[in-house]
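A short worksheet on the structure shown next.
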Amino acid sequence: MPLDRLVLIIVCVIAAAGATIWLALLVLATFTVPQVGVALLPVALIAYVLIRLIRERVGNPTEDHYDNMDH
């Protein structure tokens, strides 16, 4: 995959996530929801995804394919 296509995909995903969060905040602004709780939702989601990624990489022996290769 060319680097410019990868960067375009990443930018689109970040823009879509930002738009989703912005729209969610607009909807939640109509209700009386504590600001701290709203701010912690995306942080909790990112932390959950990162923890799952780290556990998958550490616990999966197929991810160590290049560890035993000679240089």
Side-chain angles (χ1 to χ4, degrees):
M1 177 182 301
L3 183 60
D4 58 343
R5 183 175 291 172
L6 179 65
V7 171
L8 178 63
I9 291 171
I10 291 172
V11 168
C12 288
V13 167
I14 291 172
T20 302
I21 292 171
W22 178 69
L23 286 173
L25 286 176
L26 284 178
V27 170
L28 289 175
T30 60
F31 304 108
T32 55
V33 177
Q35 296 287 335
V36 177
V38 173
L40 289 179
L41 287 174
V43 172
L45 179 63
I46 291 170
Y48 173 73
V49 170
L50 287 176
I51 289 171
R52 290 290 304 250
L53 281 174
I54 291 171
R55 283 187 180 173
E56 178 68 26
R57 302 269 180 180
V58 170
N60 192 353
T62 59
E63 294 290 333
D64 299 332
H65 174 70
Y66 295 106
D67 288 349
N68 297 326
M69 295 182 74
D70 295 336
H71 294 285

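Starting from 1, each residue takes its place in the sequence as its number.
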Quick note, side-chain hydrogen bond (donor to acceptor under 3.5 Å, both in side chains) partners involving residues 8-27, not counting sequence neighbours, are none
Nearest-0.5 Å distance that lies between atom CG in L41 and atom CG in L25
9.5 Å
Remaining members of hydrophobic cluster (4.5 Å side-chain criterion), L50:
I46
My understanding is that only residues two or more places apart in sequence, or in another chain, count here; which of them pass side-chain contact (heavy atoms from CB on, under 4.5 Å) with L53?
V49
Could you work out the complete set of other residues in the hydrophobic cluster of L8, with links drawn between I, L, V, M, F, W and Y side chains under 4.5 Å apart?
none
Which Ile, Leu, Val, Met, Phe, Trp or Tyr residues join I51 in one cluster when any pair of side-chain heavy atoms under 4.5 Å counts as a link?
none
By side-chain contact (heavy atoms from CB on, under 4.5 Å), V7 pairs with (sequence neighbours left out) L3, V11
